[in-house]
Amino acid sequence: MTAAADSKPADFIREIVAEDLRTGKWGGRVQTRFPPEPNGYPHIGHAKSICLNFGIAREFGGKCNLRFDDSNPEKEDLEYVEAFKRDIRWLGFEWDAELYASDYFEQLYQWAERLIEEGHTYVDSQSLEEIRRGRGTLTEPGVDSPYRDRSVAENLDLFRRMRGGEFPDGAHVLRAKIDMGSKHLIMRDPIMYRIRHVPHYRQGNAWCIYPTYDWTHGQSDSLEGITHSICTLEFENNRPLYDWFLDRLGIHHPQQIEFARLAVSHMLTSKRKLLELVREGHVDGWDDPRMPTISGLRRRGYTPEALRNFCAEIGVTKYNSLTGLGVLESALREHLNKTAPRAMAVLRPLKLVIENYPEGQSEELEAINNPEDPSAGTRRVPFSRELYIEREDFLEDPPKKFFRLSPGREVRLRYAYFITCTRVVKDDAGNVVELRCTYDPATRGGDAPDGRKVKATLHWVSAPHALHAQVRLYDVLITKEDAADVEEGEDWKASLNPNSLEVVEDAKLEPSLTDAAAGSRFQFERLGYFCVDAKHSTPGRPVFNRTVTLRDSWAKIKDRGD
RNA sequence: UGCCCGGUAGUGUAACGGUAGCACGAGUGACUCUGGAUCACUUAGUCUAGGUUCAAAUCCUAGCCGGGCAACCA
């Protein structure tokens, strides 16, 4: 038995699985499935479900299928199938079988005929509008369709002709004969088949009738021998129907278990809205680094480990919660801090000239690649008389708690020397355009032999050696904390952040970054984590995406106005 | 209004009738060649009202609040 089965289950679903294993309910089998509809790219919410379904199979020695729930030909596409497969693998999971609900269409059809013969279903020929009216309301029961008592022979004949393509869209549907007076709306003779004369992305023109979700899902689960059919809360209402079909058919009957879908603050998890953003060009495709899609997060610089750790962190419950974006970012930083090599980069450059450093001279200084990981080694960084430092690291008139550079003050340049600001050069408008400094040659490497201390260490880049690169800074796409909270009549796009992307055209980077591979991740010291954009970079000319900033306690003090 | 589900520090979660923990956040301090990281401490919670019990976050009842359900979507 695996470790997870020995120790305390992490959530109520794993508790059920562990208990079923203990009692031998499924003969020691654990079979789950991840059942996306291929009608969009997988997002952070899918990541939670992927980690759950594949994770449970892995932890309990079971299997997990990837099954595409593709019973609606109007929205589905192969592009989305490929996206799911790519992203599941990137997240670190592998399916035991790749399956498609559309491959079960014939079996489903045969079962439907059987239910007709047994009097459990009928062909309804009412219009869409009549069916809707007949369903009743939340408080009033529905009324029986006038076609409800057709003979088995008539039902069978009609259903076969539906399949044969004799009728136009909407002419008939196949309905389960359950109870129009049921208090569960889902049980008021739910629809099993609709006529749609449209090709299916996998089945082509083989079918013109398509099964609905309710008629497809449970039977697909059954066919695959699923033991625990894990889905999101909104399907809780459908469970009586899930059970009803399986009981009528008398086939393997998995247990459906529902959990709360993931919601992260400032992130959209509506596939419809994400599709709208892509189609209307609000973003640079499904994998725009601002998108909550797995491909967007990947391009942004997220790691699979960070995403998996996040999913483990947030837990699994039946409570509809809103997880703060900070929790996601914290999981990200935790992983990147341990793994990302450090580099120096100046986003908003301020020229700094060291007056007592010989003109034309340069040298290389040793820098540590990752203080959290000694095995990452060191590298050499060029230093010279003219440097760039970050504009916000200098203040002519500093407040008390500002430790960085100001006139007359000495600070350390990381891995280099102590410098003292001697003069401020301004343009006619009074803007600071350049700093003149002196350095102490005795502090080479960053330590003073006399033991004197400085309060700040600044990052810097040698001007003549600098790599000039584009860096993209991202902010949340949605300004609202709860992105799904939209008043009726309100345009959800009103909460789109107009400043979600800032492009820094000419950042100064240390030259070692010139050949950074697409997708590779770095910590730009004191700024944050950045990765090489896989879409816009070209060899020797990397474009960097800011993945996430570092925690910044100075920013907090500054904002507080201490 | 009917049915189903759910309410534990600011947020997310644990506790399975027996001392309400953890994480993120926030605050304070230590350390530091990243105002990073790390470490220590602090902050703050069982929706309400009854009931059962020696003992209730946990079981029961009622209420309050939140979510879902009236697509030929999933």
Side-chain angles (χ1 to χ4, degrees), chain A residues 8 10-12 15 35-37 39 69-72 74-76 124 127-128 131-133 135-142 169-175 182-188 190-196 209-210 212-214 216-217 231-240 258 260 265 271-272 313-324 326-331 333-334 337-338 342 344 367-368 371-372 401-404 411-416 418 443 445-447 453-459 481 523-528 549-558:
Chain A
K8 184 173 63 84
D11 55 69
F12 80 98
E15 228 162 77
E37 185 191 13
N39 66 346
D69 223 331
D70 54 357
S71 56
N72 182 357
E74 286 169 322
K75 296 180 180 172
E76 296 153 7
D124 195 355
S127 69
L128 201 154
I131 289 176
R132 201 179 60 75
R133 268 207 314 274
R135 192 150 26 222
T137 68
L138 294 179
T139 50
E140 301 157 310
D169 289 5
H172 310 281
V173 290
L174 186 73
R175 288 233 251 175
S182 174
K183 294 186 171 199
H184 289 276
L185 268 67
I186 191 76
M187 301 301 269
R188 317 239 260 230
I191 287 162
M192 296 166 66
Y193 278 95
R194 68 275 202 177
I195 300 173
R196 282 283 175 285
I209 58 172
Y210 290 95
T212 57
Y213 165 84
D214 287 302
T216 308
H217 198 85
C231 61
T232 46
L233 245 31
E234 65 270 27
F235 294 104
E236 212 159 18
N237 288 308
N238 302 45
R239 195 170 64 222
E258 310 86 8
S265 67
K271 286 204 270 183
R272 194 199 96 230
E313 186 110 334
I314 57 176
V316 180
T317 67
K318 299 191 68 156
Y319 176 70
N320 278 305
S321 58
L322 181 63
T323 299
V327 180
L328 214 207
E329 294 185 332
S330 152
R333 289 193 188 101
E334 187 185 317
N337 177 47
K338 285 185 245 170
R342 316 280 125 129
M344 290 199 283
I368 294 166
E372 305 293 318
K401 291 192 175 176
F402 184 84
F403 304 149
R404 283 110 97 143
V411 299
R412 172 170 36 233
L413 293 179
R414 175 140 241 222
Y415 300 126
F418 284 13
T443 56
D447 286 303
K453 301 285 182 197
V454 289
K455 294 210 74 171
T457 299
L458 271 36
H459 62 276
E481 189 171 18
Q523 183 198 98
F524 289 174
E525 297 219 28
R526 303 210 303 135
L527 296 176
T549 61
L550 250 25
R551 283 184 63 231
D552 185 352
S553 47
W554 162 242
K556 228 178 297 179
I557 295 168
K558 194 171 54 174

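Convention: sequence-line order gives letters A, B, ...; per-chain numbering from 1.
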Name the pairs: protein N/O against N/O of nucleotides 21-24 of chain B, kept only if under 3.5 Å.
residue	atom	partner	partner atom	Å
B:rA23	O2'	A:Glu313	OE2	2.6

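- For the pair A:Thr137 (side chain) and A:Thr139 (backbone), a donor-acceptor distance under 3.5 Å is present.
- Across all strands shown, A:Thr212 has heavy atoms under 4.0 Å from sugar-phosphate atoms exclusively, and none from any base.
- Listed by first residue number, the stems of RNA chain B with at least three Watson-Crick or G-U pairs below 3.5 Å are B:2-7 with B:64-69, B:10-13 with B:21-24, B:26-30 with B:38-42, B:47-51 with B:59-63.
- Contact between A:Lys401 and A:Ile557 at its shortest, heavy atoms only, is CD-CG2, 3.8 Å.
- Among the atoms of the strands shown, base atoms are found under 4.0 Å from some heavy atom of A:Phe402.
- As rounded to whole Å, 13 Å separates atom C1' of B:rC39 from atom CD of A:Glu372.
- With A:Arg194 contributing its side chain and A:His172 its backbone, the two residues share no donor-acceptor pair below 3.5 Å.
- For the pair A:Glu37 and A:Asn72, the tightest heavy-atom approach, listed with the atom from each and the gap, is OE2-CB, 3.8 Å.
- Of the possible polar contacts, none joining the A:Thr212 side chain to the A:Tyr193 backbone as a donor-acceptor pair under 3.5 Å is found.
- RNA chain B is contacted by both A:Val316 and A:Asp69; A:Val316 maps to the nucleotide lying nearer its 5′ end (nearest heavy atom per residue).
- Considering every non-hydrogen atom in both A:Phe403 and A:Lys455, the closest pair reads CE2-NZ, 3.5 Å.
- Side-chain atoms of A:Arg404 and base atoms of B:rG35 include a donor and an acceptor less than 3.5 Å apart.
- A distance of 14.5 Å separates CE of A:Met192 from OH of A:Tyr213, quoted to the nearest 0.5 Å.
- Put simply, CG on A:Leu458 is 19 Å from P on B:rU32, counting in whole angstrom units.
- Rounded to whole angstrom, the span from the CZ atom of A:Arg333 across to the C1' atom of B:rU34 amounts to 14 Å.
- For the C1' atoms, the distance linking B:rA62 with B:rG10 amounts to 30 Å, nearest Å.
- A donor-acceptor pair is defined here as one N or O able to donate and one able to accept, closer than 3.5 Å; such a pair exists between the side chain of A:Arg412 and the backbone of A:Gly446.
- Atom CG of A:Leu328 and atom P of B:rG25 are 13 Å apart (whole Å).
- B:rU8 sits 11 Å from B:rG21 when the C1' atoms are compared, rounded to a whole Å.
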Check: Which nucleotides of nucleotides 3-10 of chain B have their base under 4.0 Å from a protein heavy atom (B), which only their sugar-phosphate (S), and which neither (-), written as one string 5' to 3'?
Finding: SSSS----
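- Within 4.0 Å of A:Asp169, counting heavy atoms only, lies no atom of the nucleic acid at all.
- Stacking annotation: A:Phe403 is stacked on the base of B:rG35 (ring centroids less than 5.5 angstrom apart, interplanar angle below 30 degrees).
- A:Thr232 places no side-chain N or O within 3.5 Å of a backbone atom of A:Glu234 that could act as its donor or acceptor partner.
- Heavy atoms of A:Glu258 sit nowhere under 4.0 angstrom from any nucleic acid atom.
- When heavy atoms are screened at a 4.0 angstrom cut-off, A:Phe235 is found touching base atoms of the nucleic acid.
- Residue contacts for A:Leu527: at a heavy-atom cut-off of 4.0 Å it reaches no nucleic acid atom on any strand shown.
- Using a 4.0 Å heavy-atom cutoff across all strands shown, A:Arg135 reaches sugar-phosphate atoms only and no base atom.
- For A:Arg342 (side chain) and A:Ile368 (main-chain N/O), no donor-acceptor pair under 3.5 Å exists by modelled atom type.
- Using atom P as the reference point in both B:rU32 and B:rA20, the two lie 40 Å apart (nearest Å).
- In terms of heavy atoms, A:Gln523 sits closest to A:Leu550 at NE2-CD1, 3.8 Å.
- No engagement by A:Asp214 is indicated, since no non-hydrogen atom pair under 4.0 Å with the nucleic acid exists.
- Spacing between B:rA9 and B:rA14 at atom C1', rounded to whole Å, works out to 13 Å.
- For A:Arg133, no side-chain nitrogen or oxygen approaches OP1 or OP2 of B:rA70 to under 4.0 Å.
- Straight-line distance from the CG atom of A:Asn337 to the P atom of B:rU32: 18 Å, rounded to whole Å.
- Per the geometry, OH belonging to A:Tyr193 stands 13 Å off C1' belonging to B:rC72, to the nearest Å.
- Using a 4.0 Å heavy-atom cutoff across all strands shown, A:Thr317 reaches sugar-phosphate atoms only and no base atom.
- A:Gly170 comes within 4.0 angstrom of a base, heavy atoms only.
- At the phosphate of B:rA71, neither OP1 nor OP2 sits under 4.0 Å from any side-chain N or O atom of A:Arg132.
- Comparing A:Ser321 and A:Pro36 by the nucleotide of RNA chain B whose heavy atom lies nearest to each, the residue mapping closer to the 5' end is A:Ser321.
- For the C1' atoms, the distance linking B:rC47 with B:rU58 amounts to 15 Å, nearest Å.
- Judged by distance alone, the side chains of A:His459 and A:Arg526 do bring a donor and an acceptor atom under 3.5 Å apart.
- Using a 90° window around 0 for the glycosidic torsion, B:rA71 falls inside it and is classed as syn.
- At a threshold of 4.0 Å, the pair A:Lys318-A:Glu236 counts as salt-bridged, since one of the basic side-chain nitrogens sits closer than that to a carboxylate oxygen.
- Taking the C1' atoms as reference points, B:rU48 lies 7 Å from B:rC64, given to the whole Å.
- Nucleotides B:rA15 and B:rA57 have their C1' atoms positioned 8 Å apart, rounded to a whole Å.
- Under 3.5 Å, the side chains of A:His184 and A:Asn237 contain no donor-acceptor pair of N or O atoms.
- A:Ile314 comes within 4.0 angstrom of sugar-phosphate atoms only, judged by non-hydrogen atoms across all strands, and of no base.
- Here B:rC73 presents its P atom at 13 Å from CG of A:Asn39, a figure rounded to the nearest Å.
- Looking at heavy-atom distances under 4.0 Å, A:Arg412 makes contact with a base.
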Next item on the list: Take A:Ile195 and A:Val173, measure what side chain to side chain contact (heavy atoms under 4.5 Å, CB included) needs, and give me the verdict at the end.
Entry: CA-CA 7 Å; A:Ile195 300 173; A:Val173 290; over 6 Å; no
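- Among the atoms of the strands shown, none is found under 4.0 Å from any heavy atom of A:Pro240.
- Comparing B:rU1 with B:rG67, their P atoms sit 14 Å apart, to the nearest whole Å.
- Counting non-hydrogen atoms under 4.0 angstrom, A:Arg188 reaches nothing in the nucleic acid.
- One interatomic measurement links the two molecules: CD of A:Glu74 to P of B:rC72, which rounds to 13 Å at whole-angstrom precision.
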